[in-house]
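Below is one structure, written out as structure tokens; the observations come after it.
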Amino acid sequence: MIEDDLQAAFERHESLTPPTGPLRAAIDRIAAIRRRRRRRTALGGATLALLAVTGLGSAQLVTPAKAPERAELLAGPTGGAPAGAMNLLLLGVDSWSGPQPPLADSVLLVHVPADRSRLYLLSIPRDLKVAVPGHGIDKINAAFAFGSYREGRQPDLGAGYHLTSQAVRQLTGVRVDAGAVLTYPVLRKVTDAVGGVELCLPTEVRSIHTGRTYPAGCQHLGGAASVDVLRQRRTLANDSQDRDRNAQRFAAALVRRVDERGVLHDPVRLSRLAADIGPRLTLSSAGGSLLDLLALVPQLKSAEVVGLSLPVVRAGGVPTSRYKPDPVRAPELLAALREDRLAEWAAAHPDRVTALR
């Protein structure tokens, strides 16, 4: 009986019920605003991730005691984000003191294909002989020193980056859309901020700086230990080329760590990470091109990282540590890079792909 009375009461007052249209529209507007806020948060996180993931693997060559606690990000002279593939040049500089110009002892070209399927890390050996604009033939790491040298004054890192970028463009035939010059402190800070990484080494690495031995296999390392591993080359079978491959393994491990921990989707943790590294990270762009490039990061379909190295052969003569591009294999790889078909090249040459875990 009570249920019948209640139903009758609702029916008598049904005409007084306000229409649902305006209420539904208001709810939809609020939901749209929240979606836009989430997208802005995700974009900010993607920007941080790109800096941490693609850049820090190349920052292993700066001695902590002498390097400034900063990273300088430099954009190339582009008019906006490319519609197709994009390339970022990442340089890790050696230690320097006073006006002595630093060397770029780590040269890494990050290729993002037009289909945004994955990240390709192409290491260019620091001892590769190339044409340095205005300075003849020399090692590619000397380009940074030539460009950054200013008599009696502190090195100009931006000029060093741009001269190295010119040398890389001449070597590869691809446009360099943006780039970074990074140092050890940023690498340590970001690694610790994400709780360390699971770094997988194919062979034992013995540190000549700390005396610590890192066994072959996967191990969890914090920022200081990661830097220690990535500084080593003299105890490795293939010297700086093996160090470059370990840098690729670190970059892949950092990508996985950021992806696993969901940092990009957690505003609180994201803001903490930004607060941690923000004072140490200086961004610079030309006409907003860098921000346009970073805005493409959310389009990446996978957190997969593919490590590649430019095929080289010994150049001969003295010193014997210098290299030149392999006359057969290097042109094939560079053609695939220019034509945005590195996936096809990597599938056809699995022995040239770095095992990242």
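These figures come from a predicted structure and were not determined experimentally.
Here the side chains of V313 and K324 are in contact, with some heavy-atom distance below 4.5 Å. The shortest distance between side-chain heavy atoms of L254 and V194 falls below 4.5 Å. P311 places none of its side-chain heavy atoms less than 4.5 Å from the side chain of P325. Side-chain contact check for L89 versus D177: every heavy-atom pair is 4.5 Å or farther apart. At a threshold of 4.5 Å between non-hydrogen side-chain atoms, the residues V176 and L88 do not count as touching. Side chains of V168 and I140 form a contact here, defined as non-hydrogen atoms less than 4.5 Å apart. Between T191 and K189, the closest side-chain pair of non-hydrogen atoms is not below 4.5 Å.
For the 3.5 Å distance criterion, the side chains of R243 and N246 fail to qualify, holding no donor opposite an acceptor. Side-chain contact annotation: S309 with Q241, donor-acceptor N/O pair under 3.5 Å absent.
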Solution key, residues 150-157 side-chain donor-acceptor pairs under 3.5 Å, sequence neighbours excluded:
| unit_1 | atom_1 | unit_2 | atom_2 | d |
| --- | --- | --- | --- | --- |
| R150 | NE | Q154 | O | 3.0 |
| R150 | NH2 | Q154 | O | 2.8 |
| D156 | OD1 | G158 | N | 3.1 |
| D156 | OD1 | A159 | N | 3.2 |

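In this structure, OG on S106 lies 10.0 Å from CZ on R126, to the nearest 0.5 angstrom. Between the NE2 atom in H349 and the CG atom in L308 there is a gap of 11.0 Å [rounded to 0.5 Å]. The distance from atom CZ of R206 to atom CD1 of I208, rounded to the nearest 0.5 Å, is 8.0 Å. To the nearest 0.5 Å, the span separating CG on L334 from CG on L109 amounts to 9.5 Å. In this structure, CG on L108 lies 13.0 Å from NE2 on H111, to the nearest 0.5 angstrom. Between L171 atom CG and L310 atom CG the span is 6.0 Å, to the nearest 0.5 Å.
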Given the rule in the side-chain contact (heavy atoms from CB on, under 4.5 Å) test, do L342 and V306 qualify, once you have shown the distances and angles that lead to the verdict?
CA-CA 10 Å; L342 282 181; V306 180; over 6 Å; no
Could you please spell out the steps behind the side-chain contact (heavy atoms from CB on, under 4.5 Å) verdict for C218 and L199?
CA-CA 5 Å; C218 297; L199 184 60; over 6 Å; no
Test side-chain contact (heavy atoms from CB on, under 4.5 Å) on H209 and Q232; report intermediate values, then the result.
CA-CA 8 Å; H209 299 94; Q232 308 311 313; 2.9 Å; yes
side-chain contact (heavy atoms from CB on, under 4.5 Å) assessment of V181 paired with F144
CA-CA 10 Å; V181 179; F144 193 87; 3.9 Å; yes
Begin with the C-alpha distance, continue with both residues' side-chain angles, and end with the deciding distance and a verdict on side chain to side chain donor-acceptor pair (under 3.5 Å) for E204 and T213.
CA-CA 7 Å; E204 176 184 281; T213 297; 4.9 Å; no
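Here the closest non-hydrogen pair linking V197 and S226 is CG2-OG, 3.9 Å. For the residue pair S207 and Y214, the shortest heavy atom distance occurs at CB-CE1, 4.4 Å. When all heavy atoms of A85 and R175 are compared, the closest pair comes out as O-NH2, 3.4 Å. Between A131 and Q170, the closest heavy-atom pair is O-OE1, 3.6 Å. Contact record, R118 with A343: NH1-CB, 4.2 Å, taken as the closest heavy-atom pair. Between P101 and S148, the shortest heavy-atom contact is CB-OG, 3.8 Å.
A donor-acceptor pair is defined here as one N or O able to donate and one able to accept, closer than 3.5 Å; such a pair exists between the side chain of H220 and the backbone of G195. Proximity of a side-chain donor or acceptor of N141 to a complementary backbone N or O of L103 within less than 3.5 Å is not detected. With hydrogens and angles disregarded, no donor-acceptor distance shorter than 3.5 Å links the side chain of D228 to the backbone of A224. Proximity of a side-chain donor or acceptor of R249 to a complementary backbone N or O of A355 within less than 3.5 Å is detected. Panel note: side chain Y120, backbone V112; no donor-acceptor pair is recorded below 3.5 Å.
Residues V353 and V312 share a hydrophobic cluster, clusters being chains of Ile/Leu/Val/Met/Phe/Trp/Tyr side chains in contact below 4.5 Å. In the hydrophobic clustering of this structure, L201 groups with L236; members are Ile, Leu, Val, Met, Phe, Trp, Tyr whose side-chain heavy atoms approach within less than 4.5 Å, directly or through other members.
Between F146 and H135, the ring-plane angle classifies as parallel under the 30° and 60° cut-offs.
Counting only residues at least two apart or in different chains, salt bridge (Lys or Arg N to Asp or Glu O under 4.0 Å) contacts with residues 133-144 comprise D127-K139. Sorted by first and then second residue, the salt bridge (Lys or Arg N to Asp or Glu O under 4.0 Å) pairs with a member in residues 331-349 read E339-R341, R341-E344; sequence neighbours excluded.
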